[in-house]
Amino acid sequence: MTTPDAHAHTLRARTGGYLLISALLAMAMLMLLVTAYMFTSLNSPRTSRANADSLAGFMAAEGGLNMRAALIRSKFVNFERPSGGSVTDPSKCASGSGDFQCVTYPIGGRNVATFVYETTKKDAAGNLVETGTVAPGETYAGLSFQQYAYRVVGSAVKDNLTEANVEMEFQSRLVPLFQFAAFYTDDLEINPGAPMTLNGRVHTNKDLYLAPVQSLNITGQTTAGGAIRRVRKDDGSCNSSAGLTLSGQPGPGCFSNPVSDVQLAAYKGQVKSQQAALTVPKLDSLAPDRSGSGRSEMWSKADVRVVMNPTSKSVTVQRADGGIDTVAGQALDTCGAISASNSFYDTREGTKINMMDVDQARLMACIQNNKVFTAQDGKVLSMADTSGGGIALHFSFDPEPTGANANKYAVRIRNGATLGPAGGPAPKGLSIATNQPLYVQGSYNATNAIPASLMGDTINVLSDAWVDSAKVDAKSSPPAAKPTEIHAAFLGGTDITAPGDYNGGLENYPRLHEKWDNVPFTYVGSFVSLGTPTKAKGDWNAAKKGYSAPNRIWSYDTQFNSADKLPPLTPRFVYLRQLFFARDY
């Protein structure tokens, strides 16, 4: 029989054992917690660093893709196309060449290897099939475009470890600029003194100023990279009694500066501000590139390049690489289509101008009849040539006039009322380009009009009444103009308004030199300004005494809405359209 004392002893022993086991378990749990804490504490920075490295690698790889995509876009901006051998496998990077080869960028302490391959759809003959119009709902809906597609692949590597693999497919869209009634890279001011209607799209990469003296009606979509303002830029004024209509609706009232988002919302997407600037070529893209590199499409893809020596006045025909085409030059000399004069006085520039005078009709007949001019595609040039949309002509001086003589040389086109040889066929289209100031005298392309463009440092218009000897200095009164009609897109440079010094606005885009006094000046085309002139920099205000305003009967040439009815070498803006972006883990 167990005594009470023995029972109590046994109970104490059992209780003590339980306590010991509990203590040991508690200590074990505590050790596990301490170990887990220590492990977590030590591993957390490693995890954080790994996550941070992964994110940084991803961002570096994405940056590499964007840089590579920008290089592809820049090719199109400079009127070129990416070329070379594509790479589709990162293990075969060395096989790539030209614009598609592997390129490594050091970004954020990592090496980001990138390569590009083209995915553009083409037909069996290799011709581009990705053309169309911008879809409804997009900012430039309805504009026609050419489209090239590419895929960019990038890998971010640090310490021989790949942190991120990314790829992006995008389309590079090329939209012709002559689909705008007016397109400016700098501020655009439209302040006409007489009623004006612009029956097309208007865009500026910067601010848009709308302050007409009487009335202004813009029927197409109106967009600005900066603000839209209902004041004049030069003095901040606005005529509150003048009417403004945008896309069929009354414009904002005077002194809306800038026009607010709430006000713009009423136009349901047809009037927009703060849009992304459109990437376009610079005005110097008109300059010749005699190296043969092809960097200047206006030069390299012209069918005929006429070059005058500014001293001897001798004329040659040059190939794209600057070499002389002797046979074509001899034919041109025999035709008498090119001559030189120096009796024209430009009041705005304050100097006499050494002109390269071009008889348009004689030049076209010379090309058609002699069969010695070689088109840019290597074939004999004729009026029937439809490659590239027709015939492109480039005019320049060599050596290039610079310094104090930069504004003393120009190209003048005469006898161009019909753009084809007398009694012969007209070309599908015609473009004339020069990096010098360009003057067009008399009606141009007014009979049986074809798609045409006139591109120069500045665009000057003279009527058929103009005679050089009628005004040989700044003191003489300008001669009276005759009615003139021009059907051609204009591309050139325009001044920038400074406070109190108006640049003349869109209404004075073409420089005038005669006493028009409401004589009709009919114009059908498109106004494109790619910046400030590099040659003719005379101030508009200083030229007020040099002319009086015509009756401006101006309209946008709606045939330019069709891609197959644009002049040759029509410049374009380029924008990227991303299709997808993916990260490979």
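The figures here come from the full heavy-atom set of this structure, side chains too, leaving out hydrogens, waters and symmetry mates. Quick caveat: nothing in here was measured; it's all calculated off a predicted structure.
Checked by atom type, the side-chain pair Gln436/Ser396 shows no donor-acceptor distance below 3.5 Å. Using a 3.5 Å distance cut-off with no hydrogens or angles, the side chains of Ser285 and Glu297 do not pair a donor with an acceptor.
Residues passing the salt bridge (charged side-chain N to carboxylate O under 4.0 Å, His left out) test with Arg230, sequence neighbours excluded: none. With sequence neighbours excluded, no residue satisfies side-chain contact (heavy atoms from CB on, under 4.5 Å) with Ala70. Residues meeting the salt bridge (charged side-chain N to carboxylate O under 4.0 Å, His left out) test with Asp235, sequence neighbours left out: Arg232. Taking Lys408 as the reference, nothing meets the salt bridge (charged side-chain N to carboxylate O under 4.0 Å, His left out) condition, with sequence neighbours excluded. Residues passing the side-chain contact (heavy atoms from CB on, under 4.5 Å) test with Lys206 are Asp186, Asp187, Thr204, sequence neighbours excluded.
Each of Thr458, Val528, Val461 was evaluated against Phe490; a single residue qualifies, Val461, per the side-chain contact (heavy atoms from CB on, under 4.5 Å) test. Between Tyr444 and the choices Arg414, Gln360, Glu485, His487, the side chain to side chain donor-acceptor pair (under 3.5 Å) rule is met once, by Gln360. Screening Arg511, Lys537, Lys535 against Glu349 for a salt bridge (charged side-chain N to carboxylate O under 4.0 Å, His left out) leaves a single residue, Arg511.
Arg412 and Asp468 are joined by a salt bridge, as a carboxylate oxygen and a charged side-chain nitrogen come within less than 4.0 angstrom of each other. Look at Glu169 and Arg577 and you find no salt bridge, because none of the NZ, NE, NH1 or NH2 atoms lies under 4.0 Å from a carboxylate O.
Atom NZ of Lys272 sits in a crowded spot, with more than 12 heavy atoms from other residues, nucleotides or ligands closer than 6.0 Å.
Note: His394 NE2 to Ser300 OG = 9.5 Å, rounded to the nearest 0.5 Å.
Residues Asp539 and Arg348 fail the side-chain proximity criterion, which asks for heavy atoms closer than 4.5 Å.
For Tyr439 and Phe344, the gap between ring centers is short of 6.0 Å. Taking the six-membered ring wherever Trp is involved, the centroid distance between the rings of His203 and Phe183 falls below 6.0 Å. The distance between the ring centers of Phe527 and Tyr556 does not fall below 6.0 angstrom.
Note on ring orientation: taking the six-membered ring where Trp is involved, the planes of Tyr575 and Tyr140 are tilted (angle from 30° to 60°). Using the six-membered ring where Trp is involved, Tyr150 and Tyr148 have ring planes that are parallel, under 30° apart on the 30 and 60° scheme.
Between the side chain of Ser431 and the backbone N or O of Pro568 there is at least one donor-acceptor pair closer than 3.5 Å.
Residues in residues 520-532 take part in these side chain to side chain donor-acceptor pair (under 3.5 Å) pairs, two or more places apart or across chains: Thr494-Ser529.
Among all heavy-atom pairs drawn from Asn199 and Thr219, the shortest one is CA-OG1, 3.0 Å.
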### Task
Could you walk me through whether Trp516 and Tyr547 pass ring pair (Phe, Tyr, Trp, His ring centres under 6.0 Å), step by step?
CA-CA 7 Å; Trp516 288 83; Tyr547 78 100; 9.1 Å; no
